[in-house]
Amino acid sequence: MHVTFQLATEIEAALLVAAAAAGLADAADFKPDVRTAEARHGDFQANGVLGYAKARKLNPRAVAEQLVAALSPALRDASDVAIAGPGFINFTLKPAVLLAWLRQFGTAPALRAGAAAAHAGQTWVVDYSSPNTAKQMHVGHLRSAVIGEAICRLLEFTGAKVIRDNHLGDWGTQFGKLIYGYKRWADPAALAADAIEELERLYKLGNNATPDGSPELDEARAELVKLQQGDSENVALWQKFSDVSLAAFQKIYDRLGIRFDHNLGESFYNDKVERIYRELTETGLAQESEGALVVFHPEHPRFKTQPFIVRKADGASNYASTDLATAAYRAEHFKADGIVVVTDFRQADHFEQLYLTVRKWFAAKNYRLPELHHVTFGAVTGEDGKALKTRSGDVIRLKALLDEAEDRAYAIVLEKNPDLPEDERREIARIVGIGAVQYADLSQNRSSNYVFSWDKMLALDGNTAPYLLYAVARIHSIFRKAGVAPGDAAAEAGATSPETAAEISLARKLTKFPDAVRLAGESLRPHFLGLYLFELAGEYSSFNNADKVLVDEPAVRARRLLLCARTLLLLETGLGLLGLRTLTRM
RNA sequence: GUCCCCGUAGCUCAACUGGAUAGAGCACCUGCCUUCUAAGCAGGUGGUUGUGGGUUCGAUUCCCGCCGGGGACGCCA
């Protein structure tokens with residue numbers, strides 16, 4: 001039997017054929033709207049009949065009956081078809097079809113090939129994490145990094161060439177103060193021990209020593225001017241700041257499984273802004289206002305009066321100028337088909353103005369316009385809704401958060417599995433602890449603020465990474481005991497179609513993986529995949545509890561081993577797409 | 001003042017972008033380990049989806065008005 005990766009798409013196509021065959025009035029306008037259904041209704045449901053019938057003042061159930069009568073024999077053989085409610089068409093796949101799908105998409109390459117159609121041949125630039133240099137990363141930097149990496153992996157899996165670009169905050173007035181502090185108070189021993197810690201201290205000293213209106217502030221500004229004019233000493237210092245910062249960031253990124261292709265920060269675009277001023281002016285988009293160069297958007301309720309300032313009155317560039325230059329660079333140099341920027345929601349206005357401007361600018365110059373996306377999330381705050389602080393008043397550092405996560409996970413491992421070797425306990429603690437932190441951000445879809453809580457971030461019960469990892473570990477355990485590798489062809493050879501309620505329920509869930517990946521990829525919301533994996537792990541756990549795998553009957557054993565192998569494949573693949581590592585034992 | 005986001009069970013969150021009886025976890029209660037890992041499974045208690053209208057076959061979802069929380073609004077990024 002032939003099955004496709006996206007069964008929903010296959011059913012949708014069959015319904016379109018049926019619409020034409022049934023002679024529906026303007027059948028070409030009929031949109032089947034097939035989606036995954038709640039299990040009690042079937043595997044997939046077509047909702048399109050309702051809207052179609054309503055627009056033409058037809059009885060939706062009668063239209064549904066016409067369509068069902070005209071369905072291809074292949075689809076009628078493959079599924080139970082039922083008309084329900086006001087006019088839904090429900091499709092429940094037969095066990096033999098479930099088995100066929102599981103056999104056809106039984107390997108990682110097969111899954112990847114099936115999913116790759118969505119963004120095949122496209123190049124996407126993803127801009128995420130983007131911390132400021134010379135400062136430690138804190139918990140506020142976590143979400144962009146975790147969500148951004150998951151989006152990268154989803155885009156790659158769905159066929160795109162992904163360019164990971166860390167748009168560092170590595171330019172601006174703060175460097176004058178940092179250089180001022182560095183030249184006076186730098187402690188070589190502290191720099192050697194923990195460079196970024198020392199840079200933070202020097203920045204604070206520099207900042208405190210240069211209050212508004214002071215001659216010290218003029219000196220700090222002079223340092224900045226020297227840097228901008230290419231003074232060799234200051235440029236060398238700036239380079240050193242960048243180097244030690246990136247090295248420190250990479251230690252965090254390594255723990256999160258992140259590696260950037262480029263670190264093109266604001267400094268990279270600093271000399272690419274003249275063109276922006278010129279082209280925005282010559283296309284009539286920008287105008288002088290109070291000495292600055294600004295863009296208004298007359299069609300917009302607020303941006304018709306709220307300016308997008310692309311050049312300051314003193315002639316200097318700002319965030320807007322470099323972001324415009326960045327968009328052009330990504331479109332032209334990387335030939336991006338899509339650009340994704342991941343930041344917290346407070347920058348929503350800025351990006352709305354930016355993208356409005358880019359669209360008009362590119363249209364006026366006849367440049368090829370990539371898809372432009374701003375992926376937002378809520379800010380991380382303390383219990384009081386204000387910026388997050390520890391008891392001592394400092395922000396919580398990302399390193400401390402990850403350390404704490406591993407420590408808590410280690411304590412649980414010691415309690416649950418004291419007999420494992422120490423090395424393995426540590427490895428489990430790393431994967432479970434970091435995974436819990438990642439999943440805390442990937443399991444929810446909220447643009448409201450995120451109130452930080454250690455217990456929430458490091459929760460190990462319920463809808464968390466450990467629950468998913470535990471299901472993975474249990475499946476590995478079964479294969480260890482069976483003495484075969486997951487996916488072993490001989491072990492699965494005699495598999496029959498799923499039969500028991502738990503087998504069928506699990507098999508049905510497995511076939512929904514493509515829909516979860518599609519949904520998460522198209523909407524750039526990884527939590528849809530997280531939700532699916534959680535539900536899949538739940539189905540597996542129920543199955544694991546209800547049906548013993550390693551039984552004597554060869555056909556039953558084979559089909560259950562197949563179900564285990566596919567569950568493992570999809571859980572490991574899916575968790576990998578979210579950026580989590582998995583275990584074989586825990 | 002203008003505009004944006006958010007408000008769902010005691011708590012933390014879902015709800016496939018308008019679909020069917022709004023679902024999970026935590027907490028609380030009842031069962032299940034001589035049986036592939038109990039970091040688990042089965043079940044129970046818990047809802048006027050902030051609020052009042054509107055749109056329609058159908059609204060947590062869209063529109064309007066309130067209430068509450070957060071945010072952005074001319075030279076920071």
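Since the model is a prediction, treat every value here as computed from it, not as a measurement. In the text below, chain A, chain B and the rest are named by the order of the sequence lines, each starting its count at 1.
- Put simply, CZ on Phe296(A) is 17 Å from P on rC3(B), counting in whole angstrom units.
- Closest to the side chain of Lys54(A), from the set rC16(B), rA72(B), rC57(B), is rC57(B).
- Nucleic acid contact for Tyr470(A): base, since at least one base atom lies under 4.0 Å from a heavy atom of the residue.
- Base engagement by Leu50(A) is indicated by at least one non-hydrogen atom pair under 4.0 Å involving a base atom.
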Nucleotide N/O to protein N/O under 3.5 Å, stretch nucleotides 33-36 of chain B:
| residue | atom | partner | partner atom | Å |
| --- | --- | --- | --- | --- |
| rC36(B) | O2 | Leu550(A) | N | 3.3 |
| rC36(B) | N3 | Val549(A) | N | 2.9 |
| rC36(B) | N4 | Asn544(A) | O | 2.8 |
| rC36(B) | N4 | Asp547(A) | O | 2.8 |

Protein N or O to nucleotides 75-77 of chain B N or O, pairs below 3.5 Å:
| residue | atom | partner | partner atom | Å |
| --- | --- | --- | --- | --- |
| rC75(B) | O2 | Ala313(A) | N | 2.6 |
| rC75(B) | N4 | Glu290(A) | O | 2.6 |
| rC76(B) | OP2 | Lys312(A) | NZ | 2.9 |
| rA77(B) | OP2 | Tyr319(A) | N | 3.3 |
| rA77(B) | O3' | Glu266(A) | OE1 | 2.6 |
| rA77(B) | O3' | Glu266(A) | OE2 | 2.0 |

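- Considering OG1 of Thr357(A) and CG of Leu280(A), their distance stands at 7.0 Å, rounded to 0.5 Å.
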Distances under 3.5 Å between nitrogen or oxygen atoms of protein and nucleotides 5-8 of chain B:
| residue | atom | partner | partner atom | Å |
| --- | --- | --- | --- | --- |
| rC5(B) | O3' | Ser447(A) | OG | 3.4 |
| rC5(B) | O2' | Ser447(A) | OG | 3.0 |
| rG7(B) | OP1 | Arg446(A) | NH2 | 3.1 |

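- Asn59(A) comes within 4.0 angstrom of nothing in the nucleic acid, heavy atoms only.
- Taking atom CZ on Phe528(A) and atom P on rA14(B), their separation rounds to 10 Å, with Å as the unit.
- Here rC33(B) is in the syn range [glycosidic angle within 90° of 0].
- To the nearest 0.5 angstrom, Glu12(A) atom CD is 10.5 Å from Gln6(A) atom CD.
- Checking Asn47(A) against Gln45(A) by side-chain atom types alone, a donor-acceptor pair falls below 3.5 Å.
- Taking the side chain of Ser541(A) as heavy atoms from C-beta on, and the options rG25(B), rG40(B), rA39(B), the nearest nucleotide is rG40(B).
- Aromatic ring centres of Phe30(A) and Tyr52(A) lie closer together than 6.0 Å.
- Note on Tyr532(A): nothing from the nucleic acid sits closer than 4.0 angstrom, heavy atoms only.
- Ring centroids of Tyr329(A) and Tyr269(A) are separated by less than 6.0 Å, placing the two rings close together.
- The base of rA20(B) is not paired with the side chain of Asn47(A) by any donor and acceptor separated by under 3.5 Å.
- Counting atom types as modelled, Thr36(A) pairs a side-chain N or O with a base atom of rC16(B) as donor and acceptor under 3.5 Å.
- As rounded to whole Å, 11 Å separates atom P of rA24(B) from atom CG of Leu531(A).
- Distance alone, capped at 3.5 Å, places no donor-acceptor pair between the His373(A) side chain and the Val375(A) backbone.
- Protein atom CG of Leu442(A) is 12 Å distant from nucleotide atom P of rA14(B), rounded to whole Å.
- Atoms CD (Gln444(A)) and P (rA15(B)) sit 10 Å apart, rounded to a whole Å.
- Here the CG-OG1 distance, from Asn166(A) to Thr133(A), works out to 10.5 Å after rounding to the nearest 0.5 Å.
- Ring orientation note: the planes of Trp238(A) and Trp171(A) are nearly perpendicular, at an angle over 60° on the 30°/60° scale.
- Counting only residues at least two apart or in different chains, ring-ring contact (aromatic ring centres under 6.0 Å, His included) contacts with residues 458-481 of chain A comprise Tyr467(A)-Phe534(A).
- The side chain of Arg40(A) approaches rA20(B) more closely than any other nucleotide in the set rC73(B), rA39(B), rA20(B).
- In this structure, Pro301(A) reaches neither bases nor backbone, as no heavy-atom distance under 4.0 Å exists between it and the strands shown.
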Acceptor/donor pairs from residues 138-148 of chain A side chains to any protein atom, 3.5 angstrom cut, sequence neighbours excluded:
| residue | atom | partner | partner atom | Å |
| --- | --- | --- | --- | --- |
| His138(A) | ND1 | Gly140(A) | N | 2.9 |
| His141(A) | ND1 | His138(A) | N | 3.0 |
| Arg143(A) | NE | Asp441(A) | OD1 | 3.0 |
| Arg143(A) | NH1 | Gly378(A) | O | 2.9 |
| Ser144(A) | OG | Ser129(A) | N | 2.8 |
| Ser144(A) | OG | Val342(A) | O | 3.0 |

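- The aromatic ring centroids of His374(A) and Tyr355(A) lie 6.0 Å or more from each other.
- Counting non-hydrogen atoms under 4.0 angstrom, Gln45(A) reaches a base of the nucleic acid.
- Counting only Watson-Crick and G-U wobble pairs whose two key distances fall under 3.5 Å, RNA chain B forms stems of three or more stacked pairs at B:1-7 with B:67-73, B:10-13 with B:23-26, B:28-32 with B:40-44, B:50-54 with B:62-66.
- Rounded to the nearest 0.5 angstrom, Asn544(A) CG and Leu563(A) CG are separated by 12.0 Å.
- With the nearest nucleotide of RNA chain B identified for both Gln306(A) and Glu352(A), Glu352(A) has the one nearer the 5' end.
- Atom CG in Asp344(A) sits about 9 Å away from atom P in rA72(B), given to the nearest Å.
- Position along RNA chain B of the nearest nucleotide to Phe534(A) versus His300(A) favours His300(A) as the more 5'-ward residue.
- At the heavy-atom level, Ala459(A) lies nowhere under 4.0 Å from the strands shown.
- Between His297(A) and Phe308(A), the ring centre distance reaches or exceeds 6.0 Å.
- Comparing rA39(B), rG40(B), rC73(B) against the side chain of Arg302(A) picks out rC73(B) as the nearest.
- Heavy atoms of Arg585(A) sit under 4.0 angstrom from at least one base atom.
- Going from atom CG of Leu533(A) over to atom P of rC16(B) covers 18 Å, rounded to whole Å.
- Proximity of Tyr439(A) to the phosphate of rC13(B): no side-chain N or O atom is located under 4.0 Å from OP1 or OP2.
- Straight-line distance from the CG atom of Leu356(A) to the P atom of rC4(B): 13 Å, rounded to whole Å.
- Scanning both residues, Val432(A) and Leu583(A), for their nearest heavy atoms gives CG2-CD1, 3.9 Å.
- For CZ of Arg221(A), the number of neighbouring non-hydrogen atoms (other residues, nucleotides, ligands) closer than 6.0 Å is 12 at most.
- The ring of Phe88(A) lies on top of the base of rA20(B), close enough and flat enough: under 5.5 Å between centres, under 30° between planes.
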